[in-house]
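Report on one structure; see the data block that follows.
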Amino acid sequence: MVGTIRIGQGFDVHPLVPGRRLLLGGVQIEHAQGLLGHSDADVLLHAIADALLGAAGLGDIGQLFPDSDARHRDADSRMLLSDVVARVRQAGWRVGNIDCVVIAQEPRIAPYADSIRASIATLLHVEPSSVGVKGKSTERLGFVGRGEAVMATAVVLLLAA
């Protein structure tokens, strides 16, 4: 294996709509709207999956779990991420740390940050101290600021196993 570390970056965005539950990082968030997507639309776990896949050179979440495949309709993103983690480990990598940002006008992320951090740590087989979770707003600018969507970014450091 060339190199002993790799860095990956992930991004995802989903629209907010009535009638769906809001999941972020595998944690259900109390909110009047939820995220629309082919799976459960956990925007944060999708960004993390893309960061992991990119760092390991394994493609992206859309290649592995295309929204054109009915098998992934309403899929639990925790299961999708577990599959990604297994692939990354099989490729000879382990997670060093991960830093994530959820960008939403609302809900506020801070009250859920510890639960989200613990959920992600469990899924990635790391200590919660290796997971950063922050919430940011766009100060009411753009589609996120108008409450139309939630975005997430993730940066991961992989270490040779």
Side-chain angles (χ1 to χ4, degrees), residues 8-55 59-88 95 97-157:
Q9 179 180 3
F11 167 85
D12 200 20
V13 61
H14 284 278
L16 282 163
V17 296
R20 297 259 312 189
R21 62 189 178 140
L22 178 57
L23 295 167
L24 293 172
V27 173
Q28 186 160 338
I29 308 295
E30 293 302 318
H31 193 58
Q33 296 181 304
L35 294 170
L36 180 63
H38 185 69
S39 67
D40 64 15
D42 189 324
V43 68
L44 181 53
L45 294 187
H46 295 180
I48 291 169
D50 265 345
L52 290 164
L53 290 166
D60 65 50
I61 194 171
Q63 292 171 313
L64 290 181
F65 312 110
D67 62 8
S68 59
D69 189 335
R71 292 178 299 167
H72 306 304
R73 175 161 299 289
D74 297 322
D76 183 334
S77 293
R78 293 173 303 176
M79 298 301 105
L80 301 179
L81 183 57
S82 292
D83 183 294
V84 167
V85 169
R87 290 169 188 258
V88 168
V95 174
N97 73 301
I98 188 157
D99 194 27
C100 310
V101 180
V102 177
I103 304 115
Q105 194 60 44
E106 48 180 58
R108 306 297 283 173
I109 301 307
Y112 301 96
D114 288 340
S115 297
I116 293 170
R117 183 178 301 107
S119 171
I120 293 168
T122 297
L123 291 165
L124 299 182
H125 309 285
V126 299
E127 294 297 319
S129 62
S130 295
V131 179
V133 174
K134 299 177 285 296
K136 299 292 180 184
S137 77
T138 60
E139 303 297 330
R140 305 207 177 279
L141 296 172
F143 61 90
V144 171
R146 290 189 300 269
E148 297 171 11
V150 174
M151 296 187 321
T153 65
V155 177
V156 64
L157 175 69

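Small disclaimer: the values here were computed from a predicted structure and weren't measured. Residue numbers run from 1 in the order of the sequence given.
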Qualifying residues under side-chain hydrogen bond (donor to acceptor under 3.5 Å, both in side chains), relative to [X], sequence neighbours excluded:
X: Arg73; value: none
X: Ser77; value: Asp40, His46
X: Glu148; value: Arg146
X: Arg117; value: Asp114

* Asp50 side-chain N/O to Ile61 backbone N/O, donor-acceptor pair under 3.5 Å ->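 Between the backbone of Ile61 and the side chain of Asp50 there is a qualifying donor-acceptor contact (under 3.5 Å).
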
* To do: Mind checking ring pair (Phe, Tyr, Trp, His ring centres under 6.0 Å) for Phe65 and listing every partner two or more places apart, or none if nothing turns up?
  =>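 Listed in chain order: His72.
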
* Sequence neighbours left out, what passes side chain to side chain contact (heavy atoms under 4.5 Å, CB included) with Ser115? Give chain and number order. =>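 Ser115: side chain to side chain contact (heavy atoms under 4.5 Å, CB included) contacts with Val27.
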
* Asked: For Leu22, which residues count as a side chain to side chain contact (heavy atoms under 4.5 Å, CB included) partner, sequence neighbours excluded?
  ->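 So Leu22 forms a side chain to side chain contact (heavy atoms under 4.5 Å, CB included) with Leu16, Leu24, Ile29, His31, Leu35, Pro107.
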
* **Contact list for residues 104-154, test ring pair (Phe, Tyr, Trp, His ring centres under 6.0 Å), sequence neighbours left out** =>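 As it turns out, there is no ring pair (Phe, Tyr, Trp, His ring centres under 6.0 Å) pair with a partner in residues 104-154 once direct neighbours are skipped.
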
* Asked: Should we count CD of Glu127 as having more than 12 external heavy atoms under 6.0 Å?
  ->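 Incorrect, the count does not exceed 12.
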
What pairs with [X] under salt bridge (Lys or Arg N to Asp or Glu O under 4.0 Å), at least two apart in sequence or on another chain?
X: Lys134; value: Asp99
X: Glu106; value: none
X: Asp60; value: none
X: Arg140; value: none

